[in-house]
Amino acid sequence: MALPHESNTMDTPPNKPAAPKKQRQTRLVFAAITLLIVAALAQRWWWNRSHVSTDNAQLEGRIVPIAARVGGYVLSVPVADNQATKAGDLLVEIDPRDFTARLSLAEAEYQEALSSAGKEGQPGIAQAQIAAAQANAAAASSQTHSIEAQIVEARANVDKTQRDYVRASDLAKQKMFSAAALDAAETALKSAEARVSALEAQLRSTRESASAVNQQVGVSAAGLKAAQAKVVAAQANVSLARNQLADTRVLSPADGVISKKAIEAGQMIQAGQTLMYLVQSETPWVVANLKETEVEQVKPGQKVEIDIDAYPGVRLAGHVDSFSSATGARFTLLPPDNSTGNFTKVVQRIPVKIVIDEVPEGIALSPGMSVNVVIATR
């Protein structure tokens, strides 16, 4: 019975090293996993030192609201949603009849103003009034000069008749001149003085008339300026009416695609009403909202890798173009006000514009698409 016991005793020692061997294997596996984790973390740390990435980014483009500059009845809308259009294509046509009538009325008022103010080679009513007033002023001035000359002559005649009367009086005292002759000399003197008085009164009346005529010249000149101002105003009204008539045809401002069309033929629209939107046919750009703690590493011109969620596996190249002048929160409807006392510090986001260098064929990019960006900062 002792032999089996001895046999068992001899078989036990070779099995003792199995536990330490498993422990060593476990330690090796743990060490390897630890090294892999450390290496991955080190690689990630090193990568983060030279790259900035975010998934808070989207494509942006120019979306133009199409609005009418004049109101009226819509005759036709020759475009549909998602239809491509070229610059200058007709988008909406408004009934032009009222605007055509306004243009005709403005042109008639312009011609009326021209008839008053006159134009090159054709004097108008106001100019004719000035010419007549100037002619009357010249006639009044000539008449004034004529009366003044007559007064000078009449005064000279008064002096002569006065001397004749004095001589006649002296001779009459010496009984050498008859009383009838003396009376005649006195009558001649009084007649000459009366003529001077009459001419002086006529001169005053003529001068008053000349003053009135000169005032009429000034009034006529002012009337001409007013008529010329009316011509300018009428011409402006013609231009305005012509522009409004042209605005009855709403044209596409650029190449693009029609979206959100909200107008149909037969509707009445108001000036400034948005009718549809035009998404311009140009390469969109990326707006990446980076944390304010990451912006220091980013500079204009740095290369960017762009992954688009709509096209998995497609990676586009781009570069940093510019930075927003304010954080995104400042452009919200109710910007946060940290001075109210209810303050919680939040890392702000700063929009960064990224330009796409080239878009491969078959890739259709639309504003609003979500993208992931990786910026190489070193």
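- With values rounded to the nearest 0.5 angstrom, Leu278 atom CG is found 9.5 Å from Ile63 atom CD1.
- Counting only heavy atoms from C-beta outward, the side chains of Leu91 and Leu275 never approach each other to under 4.5 Å.
- The main-chain N or O of Gln297 is found under 3.5 Å from a side-chain atom of Gln302 such that the two form a donor-acceptor pair.
- Side-chain contact between Val320 and Val298 is present, with heavy atoms from C-beta onward closer than 4.5 Å.
- Sequence neighbours left out, not one pair with a member in residues 32-41 passes side chain to side chain donor-acceptor pair (under 3.5 Å).
- Counting all heavy atoms, side chain and backbone alike, Ile94 lies closest to Ala68 at CD1-CB, 4.1 Å.
- Proximity of a side-chain donor or acceptor of Gln111 to a complementary backbone N or O of Ala108 within less than 3.5 Å is not detected.
- Atom NE2 of His51 sits about 6.5 Å away from atom CD of Glu305, to the nearest 0.5 Å.
- Criterion: ILVMFWY side-chain heavy atoms under 4.5 Å apart, direct or through other members. Under it, Val295 and Val373 are part of a common hydrophobic cluster.
- Around the CZ atom of Phe331, the shell of radius 6.0 Å holds more than 12 heavy atoms that belong to other residues, nucleotides or ligands.
- Applying the salt bridge (charged side-chain N to carboxylate O under 4.0 Å, His left out) criterion to Glu292, with sequence neighbours excluded, gives no partner residue.
- Screening residues 68-94 for side chain to side chain donor-acceptor pair (under 3.5 Å), with sequence neighbours left out, gives Ser76-Glu93, Thr85-Asp89.
- Val279 and Ile258 fall into different hydrophobic clusters, where Ile, Leu, Val, Met, Phe, Trp and Tyr side chains are chained together by heavy-atom contacts under 4.5 Å.
- Between Val64 and Gln280, the closest side-chain pair of non-hydrogen atoms falls below 4.5 Å.
- Summarising the local packing, NZ of Lys299 is surrounded by more than 12 heavy atoms from other residues, nucleotides or ligands at distances under 6.0 Å.
- For the pair Ala57 and Ala288, the tightest heavy-atom approach, listed with the atom from each and the gap, is CB-CA, 3.7 Å.
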Verdict with supporting geometry, Asn372 and Asp309, side-chain contact (heavy atoms from CB on, under 4.5 Å): CA-CA 8 Å; Asn372 299 321; Asp309 292 355; 3.7 Å; yes
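- A side chain to side chain contact (heavy atoms under 4.5 Å, CB included) with Val371 is found for exactly one of Asp307, Val287, Leu59, Thr54, namely Leu59.
- Between Arg102 and Glu107 there is no salt bridge, since none of the side-chain N atoms of the basic residue sits less than 4.0 Å from a carboxylate O of the acidic one.
- Remark: side-chain polar atoms of Thr248 are not paired, donor with acceptor, to backbone N or O of Gln244 under 3.5 angstrom.
- Using a 4.5 Å heavy-atom cutoff, the side chains of Asp98 and Asp95 are not in contact.
- The number of heavy atoms from other shown groups lying within 6.0 Å of NZ (Lys260) does not exceed 12.
- Defined by atom type and a distance below 3.5 Å, a donor-acceptor pair is present between the side-chain atoms of Asn56 and Asn289.
- Closest approach of Tyr110 to Val238, counting heavy atoms only: CB-CG2, 3.9 Å.
- Looking at Thr26 and Gln23, their side chains never come closer than 4.5 Å, going by heavy atoms from C-beta outward.
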Evaluate side-chain contact (heavy atoms from CB on, under 4.5 Å) for Val304 paired with Val374, printing each intermediate quantity in order. CA-CA 6 Å; Val304 183; Val374 177; 5.9 Å; no
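- A distance of 8.5 Å separates CD1 in Ile350 from CZ in Phe323, rounded to the nearest 0.5 Å.
- For NZ of Lys261, the number of neighbouring non-hydrogen atoms (other residues, nucleotides, ligands) closer than 6.0 Å is greater than 12.
- Taking every heavy atom of both residues into account, Ala106 and Ala241 meet most closely at CB-CB, 4.3 Å.
- Tyr277 places no side-chain N or O within donor-acceptor distance of the main-chain N or O of Val257, the cut-off being under 3.5 Å.
- Only one option out of Ile263, Thr274, Val70 pairs with Ile269 in a side chain to side chain contact (heavy atoms under 4.5 Å, CB included); it is Ile263.
- The side-chain heavy atoms of Met276 and Val79, taken from C-beta on, include a pair separated by under 4.5 Å.
- Side chain of Glu264 to main chain of Ala262: no donor-acceptor pair is present (N/O by atom type, distance under 3.5 Å, no hydrogens or angles).
- Linking Ile, Leu, Val, Met, Phe, Trp and Tyr whenever their side-chain heavy atoms come within less than 4.5 Å puts Val286 and Ile363 in one cluster.
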Would His319 and Ile356 satisfy side-chain contact (heavy atoms from CB on, under 4.5 Å), going step by step from the backbone distance to the final call? CA-CA 7 Å; His319 63 275; Ile356 300 174; over 6 Å; no
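- Scanning all heavy atoms of the two residues, the minimum distance from Val77 to Ala265 falls at CG2-N, 3.9 Å.
- Rounding to the nearest 0.5 angstrom, the gap separating the CD atom in Gln348 from the NZ atom in Lys291 is 12.5 Å.
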Take Thr377 and Val52 through the side-chain contact (heavy atoms from CB on, under 4.5 Å) test and state the conclusion after the steps. CA-CA 7 Å; Thr377 58; Val52 172; 3.8 Å; yes
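- The nearest pair of heavy atoms linking Gly256 to Ser281 is CA-OG, 3.0 Å.
- Following chains of ILVMFWY side-chain contacts shorter than 4.5 Å, one cannot reach Val355 starting from Val352, and the two form parts of different hydrophobic clusters.
- Residues Pro96 and Leu75 meet the side-chain proximity criterion, which asks for heavy atoms closer than 4.5 Å.
- With Ser104 contributing its side chain and Thr100 its backbone, the two residues share a donor-acceptor pair below 3.5 Å.
- Leu28 CG to Phe30 CZ: the interatomic distance, rounded to the nearest 0.5 Å, is 12.0 Å.
- Put simply, CG on Leu105 and CG on Asn237 are 9.0 Å apart, with the number rounded to the nearest 0.5 Å.
- When side chains are defined from C-beta on, Val359 does not count as touching Pro284, because their heavy atoms never get closer than 4.5 Å.
- Leu316 is not connected to Trp285 by any chain of hydrophobic side-chain contacts under 4.5 Å among Ile, Leu, Val, Met, Phe, Trp and Tyr, and they are in different clusters.
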